[in-house]
Each structure stands twice: as structure tokens, then as C-alpha cells.
Amino acid sequence: MPATDAHHETVDTGDHVVLIDGSAYIFRAYHALPPLTRSSDKLPVGAVAGFCNMLWKLVRAGQNGGGFAPKPTHLAVVFDKSEQTFRKDIYPLYKAQRPELPEDLRPQFPLIREATRAFDLACVEQSGFEADDLIATYAEEAKARGAQVTVISSDKDLMQLVDGLVRMYDPMKDKAIGVEEVFEKFGVAPDKVVDVQSLAGDSVDNVPGVPGIGIKTAAQLLAEYGDLDTLLARAPEIKQTKRRENLIAFADQARLSRQLVTLKRDVPLDVPLDDIAVVEPSATRLVAFLKAMEFATLTRRVAEAYEVDVAAIDPDPGLRAGASSLMAGLDPATQTAEAAGDGLGPRVTPGDEGAPMGEPGFTPLALAAARQAEATATPVDRSRYETVTTLARLEDWIARAREVGVVAVDTETTGLDPMQAELVGFSLATGPNEACYVPLTHKGGDEGLFSEGLLPDQIPVRDALAALKPLMQDPAVLKVGQNLKYDWLVLRRLGIEVAPYDDTMLISYVLDAGASPHGMDPLSMRWLGHTPIKFEEVCGKGKGQITFDRAPLDKASEYAAEDADVTLRLWRVLKPRLASEGKATVYETLERPLVAVLARMEARGIRIDRQMLSRLSGEFAQGMGRLEADISEMAGESFNPGSPKQLGDILFGKMAIPGGRKTPTGAWSTGADVLEELAEQGHELPRRILDWRQLQKLKSTYADALPSYVHPETGRVHSSFALAATTTGRLSSSEPNLQNIPVRSEEGRKIRKAFIAAPGHKLISADYSQIELRLLAEIADTPSLRQAFQDGLDIHAMTASEMFGVPIEGMPGEVRRRAKAINFGIIYGISAFGLANQLSIPREEAGAYIKRYFERFPGIRAYMDETRAFAREHGYVETLFGRRCHYPDISAKNPSIRAFNERAAINARLQGSAADIIRRAMVRMDGALEAARLSARMLLQVHDELIFEVPDEEVDATIPVVREVMELAPFPAVALKVPLKVDARAAENWDEAH
DNA sequence: GGAGTCACG
DNA sequence: GACGTACGTGACTCCT
């Protein structure tokens, strides 16, 4: 090893002093380099590896023509020592926004100091001073002695040091920064950089600057006025009103900023400049260190250069795997961060329209990766949350949200129903652990006549909402929620329409439907390795549960702020996956816009005729009473017909009727199919039971329950539509479920008649005809089926004719019924057993039908085989529009589980494509109606049907618009060969419109 | 809280 | 030849 000039101690002309900003290096390396871990124990060492490679290149400079000339004669790695610096003393907010250190970065700090020592290089830090001040002081002294200086850092705060003798060097971009580069960045020479920074401020370090002045303006002003002091003195001359006023009003703030950004060049150095001379390292010690780190390549290189035997040197015992406590404090989230990082390639599937670039919340991949890492690696620290009690602090948070451009929002209310719950407070998050809760109507104080029991120190609701509203509607700030439709509705009732927004639940749904749940707690566990506070821990559960406004405020505040914190972290992790997995279009076209569409539908609600339902309830009760009398007489005893257990005992025990089946749990099966069969054999009791059950269902689930859902103020029923509930992309409806209102039986349709239009209005029902069969013809590419749809044939009759050779004219009903059952069976991923069951025919016969079907309609079998194979290989299937439905058990060893998943996967492509189509129609519907100046409003969606409420006089004009939007919904994303057909009708009630 | 049943597409 | 089935939901009632 050719020796460095070891005699070199006194710095003078011709020397090259290299100063490395250690802390900055670690951060940049951490974010720029892959999350490398030591293989034996997963110790994170990415930054250390980069650092060692850099040091090696530096000390080897000149030996192999390396570009870092001249070779360093003096070198120090400089670190920040403590948080408390003179800058904090003059301005406490300085660097107050610094995020918590990522968990897998923290252990790398001591390692980097170790690495510096292993290279026998100086490691410098001094309490009370930032690394930048030390660097400035060394640079200043070296320069004074005529030496050349290189500062290894890309920190703009150091750019003020650059001049003819001092240059900077960006280790990540491998790029030198001289006077010219500084001018490019700041628009001024290096000696004016401080003045620019004093004016422009710095949001990262919390340097205030002068409002309304950025780097460009600052440079321009300085070009005109020379320097900061002159500018501030002559500020009254400035023409632009706002700028002039700000410069005068914030002159002191500018001067304070100058104190903050000006580097101290006269720190009394603990380690004198002469002591940082580069000396030859001990090859043994260096190799021992590198070996302990398990940097195979570098270890070999160093050993070769020094001509030492790697095998003869033991890894540093204090650092090698298992011997150190460096892993302590690392939590499982670190592993998650690595796993997540792996999925982050720059890969974007062609054809995907990608994440919209100009939109708030868009982040370049590299930054997204850094944020993602930070979100997962920074442990949740609830002690850092703030409970906001003053309007001024709320304004601060709102300003911070504007600065960041992305804010997570969560509302806390008195209940689960967004149409009725009252707002209690809200939380915001702008970064990991950077979250607050704003309590508004928490109670617990004395419930006096005037105080309403409100706790003190809460911002008046009106003031808080007035402050919040502009942020929630600011087009430049992305609002992130988890199940945002809830918060959207709560806020809309208070006059706030949130936009633009993202929903982490929906992002997860697009990426992982069928693979994992999308609730906040499971998402937090899965992606952050963090268990949030449970609602029950705050409000209790069961009978003793209290509303959120009565919970202890400290606990409530932590809970609420954490929800926003976790939501923002999830967004940072999940959002980049949309682009990298090619699902941004699915999210943007089929999910996100539906939040507002569905929220508006839910808010409208639908009118019901309570009197009619009450009358029906009485009718049903009478019918049940009569049946109960018959039933006890036939059974010879009185029992509860609603108890399957008791009924089973009566039918198959006491009466000993043969042909009973057992449920999977061993109980007698008394399902409708079983009772139906017994009834056909002539048994009277099962018939009565079936009738009784029907009435019981209609009475309890519909006639009695629906009126209880009528909203006290709107007088209408507001269902809730879930966007992320099914594996296939369908919506679901609940509380009440308005997607299963009876229609198949005469008695049941009486319920449907109770859904009515407002006075002067009609209900329009528009439904897709045979949409899933049409999609089967399309996706399975079956010409005869396609032709049948193009010719407008009766598809079931045509199927029957094709299979059984019966002419369509005069076809017996039974023949068509069988064909219809087969068509449905195909959609469900047919099995001989299932078809046999459905048609009550022997399995062999059903098998023969299926065989016949496959022969007559080539393409169907291939479609099913292909779908099975694809699902098996990928674990998911995709709809026509790219929605993914996951089937993790598709390769289960258990044949029945496997077959079940195969059928579900086959069905999912059809059901899911149909769901996508109606979603597209819904997204466009409001705009189309508005463009046609129609006031029709969507009220409900029932999978292939949309229900509207329309003024009488607009009915005729509305139907064609609705039909067109629905029939053309697939375009332009997909051009179907098979036409879609929509039937639409208007009437006073839902039954007659359908 | 799970099981059984049944309403819908 | 196993295995036990049509696909996707939500609400109500029993009963442990």
C-alpha cells in the first residue's frame, strides 16, 4: 500500500482538506440507497455500506486514477452533537419540524462513527454547534492557510461557503458544486446566499423568512438593491404593494432568519485543523470492521490493496452479528419497510394512465420511496400529538397542511351513522407523529343551564369549521381519509365539501381485494406493524359504552390524532403502489370518484310509505297467526316455528318423516329446499312452515324494520353503500340493505310498492338486461352467443334451442327454464352437482347437459380453463377494466376449497366486469344529467339497476339520457362487441317502475 | 357470537 | 378417488 504522506501535519498551500457532513450523508444515503441489511441478522447497514465505499474511494484517490483529486491530505467526518444549539436559543422553532429518526436508520449512526475510526479518520462533533458550523470553521481556517477545501454534502445551507478555494461535492449525485452551481440554485453568488435564505426562509428547517418571497424573488431583489440591509432600508421604495408591506413588516424576521442561516466560522475547535491529517489506517483493523459488517466486496478490495489475508483476520467481535446490541429497539416495522421497498420499482404497466401528475399528492418515485420508508420506520409516538385548544394553534396546523400539500383528516362523532351523528372534534396529520386533535364539543363539566356541560378550552365549533373549510376545499391540498365517505358526509352536513381527496381504504381495496382486509386496524398492523388504540379502550363496549364526546379527553385525543397519523402513514405506503402495480386507473376511474357520488346518493335517501308498511305488518301478523294455529294442530303441540332446532325435532323426530338431511354441524336441515321437497311429497306441515317463514321475513326485515330507518329530519331512508366490501367490485348496501327488497313473490312485491317518489315526482328504474351473460359472450368470445345478443334474441330460449334442438317458437316453459338454469350455472362456475341440485335432476343428467353446452358453445370451456389456470398462477383474476380480485386459497390442497375458489374466480371476472360497468355509469351520470339540464337524482344502485327520482315533467327526457350513459359506460376504455341493453321505466313506486 | 335461514342480483 | 358445491351480499332469529 503506497503510503499517504504521513508526515503531513501542518496545513498549507497545496493541501486538500476534505470535510464530510456525516449526519447529512447518512440521511441522504438512507433514502437514496436500497434498504440493505446485514444478511446474518438483518441489521440495517445500507447507509454504512455507502459511507465505507465513499471513504475507500477518497483515501484511494489518485491511486487508480480516481476522480477525487487532489488526494485529501486532511479529512474529518463532522456530526451534529446535540439538539440544543445557539440557534434554538434565539429561535425555539428552528428545525422543530424534523421528523423522528427512522427506526432502521438510528443504529447506523454509531456504526458510521465506528467506520470512520476503522479508517483511522477524524470524527468530530462539538456540543452546542451544528456540523455545518464546524465545517465552516475548518473551511475558513484551511482557506486562510491557502489550502483547497472540499465539503462533502449537498446541504444548501453550506453553499454560502463556496468560493474559489472551497467547493462542495454531492456524494449521491456524484457531482461537484462550485460557484456556478450555487448561482444556478440561488440566482446569486455564494456570498449572497445567506441574504437569499434570510428572505426566502426554509420550511424544512423552519426558518421564517419574509412571507411571499421565494428564492427567485429574493435573488431579483438582491440584484437590484445589493444586499439584505440595503434592501430592508429601502423597502418603502418597492412598487408591489404586498411585497413592500411584507418587507417592512417582517424586516426583523428577515434579520432573525439571517442569524439562523449564517454559519459560524469561528467555533473554538476542540480538534485543531492540523489533527485531522489523513494517516494510513491499520489494514487489520479496517478489514476486521468490514468483515463484521459483511461487506464482502469491499472487504476483498481492501484486503487486496493492503495485501492482507482476509481469512486470517477475525471480524470485529464487538460488531459482528449476535455480539452487538445494535438491533435493540428495532421493531418488526423495519422488516415491513424492506418488504414494501422491494415492491417499489420504477415499473409502470404500459396502458395504465398512471397517477395524475399535476395533482396535489403526486410525488416522484424517489421521494415516495423515502416517505414510504419514513412512514413505516418511524415508530408511532403518541406523546408527540397535540390537543389543539386555540384558534391560533389550529391556524398553525392548517398553515402546516398547506405547506405540506397533503393532510390526513378524521372526524370524531357521536355515532356510526354519518347522517345522524354529531361532530365532536376532528384530527389532522401532516407527517409521521405530526398530528393533532381538535376537540369541539367534548362534555364532562358541570351540566349547568348555560354551559351545556361543555369542557373548557374548546374552540367554538363555528370558528373551527370556518377555519377548516378553506383547507378542506383547497384544490392545492390533498385530503386523505380512511373510509372518507363517512367524514365527507359528516362535513357536508356542516357545509363543507371535501375535495380533492384520497381514501386509503379504497387504495387498499384496489390493490388487495380478496387478499386482506381494508379496515384501519388491519391495515395498520399489516403495513406499519402498529396496533392503534381500540375504540373500546376509549369509550368502552357493550352496554357501558359512552359516546366519544364523554370519553376522557386525553385518551380521546390520542385515539383521534393517532387515526389521522396512521391514515397518512398508510397513504404514504399504499399510494405509490397504485402506480407501481399499474392500478392507478382503476382507482381513479372506478373508486375515488364514487366516494362523492355515493355520499350524495346516501344523503338524498328514498321516500317510503310508512302507513302502507304498517298496514302490511298487520296483514302479515294475521296470516302468521292463522298459520301458527294450523301448525300446532298438525304438529300436535305448540312450538316455535322460528326455531329450526324445534322444527327439525318435530318433523324428523316426532313425525319421523323420511328424507331428512343434516347441516354441517349435525343438526337437522330445515332449509327451504328440504321443506319444498317434503311439501311436494304431500306433507302439509312443511308447506305451512314455508308460508310462515315468508311472512315472518317480510314482517320483521321489511315491514317493521324499514320505518325505523326513517331519518327524523329528512323523513327518508338513507342506506349506506359500501365501496370496499366485496371481492368482486360490487357495492353492498346496509342499514338498511336496500339491495334485497323483495321482488320475486307476490306478497314480497307489496313491500316494494312502499318505496315511492316525492310528490310531483316519479321513480325511474333502469336495469341492464342480462349483463353478465353478455359479458360471458364477450370475454369467452363465443360467436353464437354474441350473435344472439346482437340479434336481440331471447338468450335462454336460444340456448335451449341450440342444446335440445327445440324450435324457439312454441317452446315449452320447462325447456327454457332448464337452459336458463344452465346459463346461470355457467356464470357461477358450473358443477354437475350444483346444476343437478338446482334442477332436481340426477347428477349424470346434469353432467350430460354441461357436456352438451360446452360442445354447442365452444369458447366457454376454454374461457373457464384459462381463468382457472390464470388464477392458479397469479392468485388473482382481472376484470375487463383491470380490477383485481384475489383468491389466495386457489391452490389449496383441499379439493373442495380449491374448487370453490376456482368457481368464485370464474364468476368474479363476469360479476366484477359488470360491477365496473355500472360504476362507470354512476360516475358519469350526474354530469350527464346536468349537461342535459335535468334534475333527476340517483337514489339507489342494485348491482345491475339504478333508481332515480325525477320530476314528473322530466321523465320522458331523462330516460334516454340514463339509458345512453349506462349502455355506453364501457367506452372508451373497452369497446364491447356485444351490445349492452338497458330497460327503463317510470312509475309512482319501485314495484311498478321495475 | 355463530349458525341457520332467506331476501336480493 | 378424494371432497361437498352453484357466485356475490346483509338482516333477522335462535340459542349457547
Side-chain angles (χ1 to χ4, degrees), chain A residues 513-514 542 639-648 661-676 689-690 692-706 708-709 719-722 725-745 747-749 751-752 767-768 770-772 776 821-839 843 846 850 885 887 892-912 914-915 918 940-945 990 994:
Chain A
F639 71 100
N640 183 354
S643 165
K645 186 171 176 288
Q646 293 178 36
L647 176 63
R661 284 205 319 253
K662 292 285 182 77
T663 66
T665 52
W668 286 112
S669 174
T670 67
D673 50 343
V674 173
L675 299 189
E676 193 68 49
I689 295 286
L690 285 169
W692 184 91
R693 277 187 184 165
Q694 187 196 19
L695 294 180
Q696 149 83 13
K697 182 81 174 182
L698 294 176
K699 181 173 187 293
S700 69
T701 306
Y702 303 104
D704 292 343
L706 284 174
S708 73
Y709 285 103
S719 178
S720 173
F721 289 98
T726 70
T727 315
T728 56
R730 271 194 179 176
L731 305 182
S732 82
S733 158
S734 61
E735 290 181 291
N737 181 354
L738 296 185
Q739 290 181 324
N740 69 347
I741 300 305
V743 70
R744 292 172 185 169
S745 76
E747 288 295 289
R749 280 207 293 276
I751 299 284
R752 205 167 261 240
D767 69 292
Y768 286 105
Q770 308 287 6
I771 186 166
E772 291 183 13
L776 174 72
I822 295 169
N823 277 333
F824 273 101
I826 295 289
I827 291 172
Y828 295 153
I830 202 150
S831 74
F833 198 98
L835 182 63
N837 226 15
Q838 183 68 29
L839 289 176
R843 204 197 313 193
I850 294 170
C885 314
Y887 292 91
K893 284 202 199 69
N894 181 329
S896 95
I897 294 176
R898 193 172 62 239
F900 177 77
N901 277 274
E902 287 171 356
R903 290 194 299 271
I906 289 167
N907 173 256
R909 285 181 75 191
L910 304 170
Q911 191 185 107
I918 198 166
L940 303 176
Q941 188 250 42
V942 193
H943 309 311
D944 63 358
E945 174 187 15
W990 190 3
H994 186 73

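Proteins get letters first, then strands, A, B, ... in listed order; numbering begins at 1 in each. Quick caveat, the model's predicted, so the values are computed rather than measured.
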Report the C-alpha distance between Phe824(A) and Gln838(A) in whole Å, list the side-chain angles of each, state the deciding distance to 0.1 Å, and finish with yes or no for side chain to side chain contact (heavy atoms under 4.5 Å, CB included).
CA-CA 10 Å; Phe824(A) 273 101; Gln838(A) 183 68 29; over 6 Å; no

Is a donor-acceptor contact shorter than 3.5 angstrom present between the side chain of Ser831(A) and the base of dT5(C)?
yes

Base dG4(B) to side chain Arg693(A), donor-acceptor N/O within 3.5 Å cut-off:
no

Would you classify [X] as touching base, sugar-phosphate or nothing, given that sugar-phosphate means primed atoms plus P, OP1 and OP2, and contacts are heavy atoms under 4.0 Å?
| X | value |
| --- | --- |
| Asn740(A) | base |
| Pro895(A) | base |
| Asp944(A) | sugar-phosphate |
| Ile741(A) | sugar-phosphate |
| Ala846(A) | nothing |
| Asn640(A) | sugar-phosphate |
| Leu910(A) | nothing |
| Gly829(A) | nothing |
| Gln696(A) | sugar-phosphate |

Here the residues of residues 697-705 of chain A within 4.0 Å heavy-atom distance, strictly under, of DNA chain B are Lys697(A), Tyr702(A)

Spacing of CD belonging to Gln911(A) relative to CD1 belonging to Ile906(A), to within rounding of 0.5 Å
13.5 Å

Go through [options] for me and flag the one nearest to the [X] side chain.
| X | options | result |
| --- | --- | --- |
| Ser734(A) | dA6(C), dA11(C), dT5(C) | dA11(C) |
| Phe900(A) | dC14(C), dC8(B), dG8(C) | dG8(C) |
| Glu735(A) | dA11(C), dA6(C), dC14(C) | dA11(C) |

Under 6.0 Å from the six-membered ring centre of Trp668(A) and within 45° of its axis: does the NZ or CZ of Lys662(A) meet both?
yes

If the P atom of dA7(B) is compared with that of dG4(C), how far apart are they to the nearest Å?
27 Å

For Val674(A), the side chain to side chain contact (heavy atoms under 4.5 Å, CB included) test, sequence neighbours excluded, returns Phe652(A), Arg661(A), Ser669(A), Leu678(A)

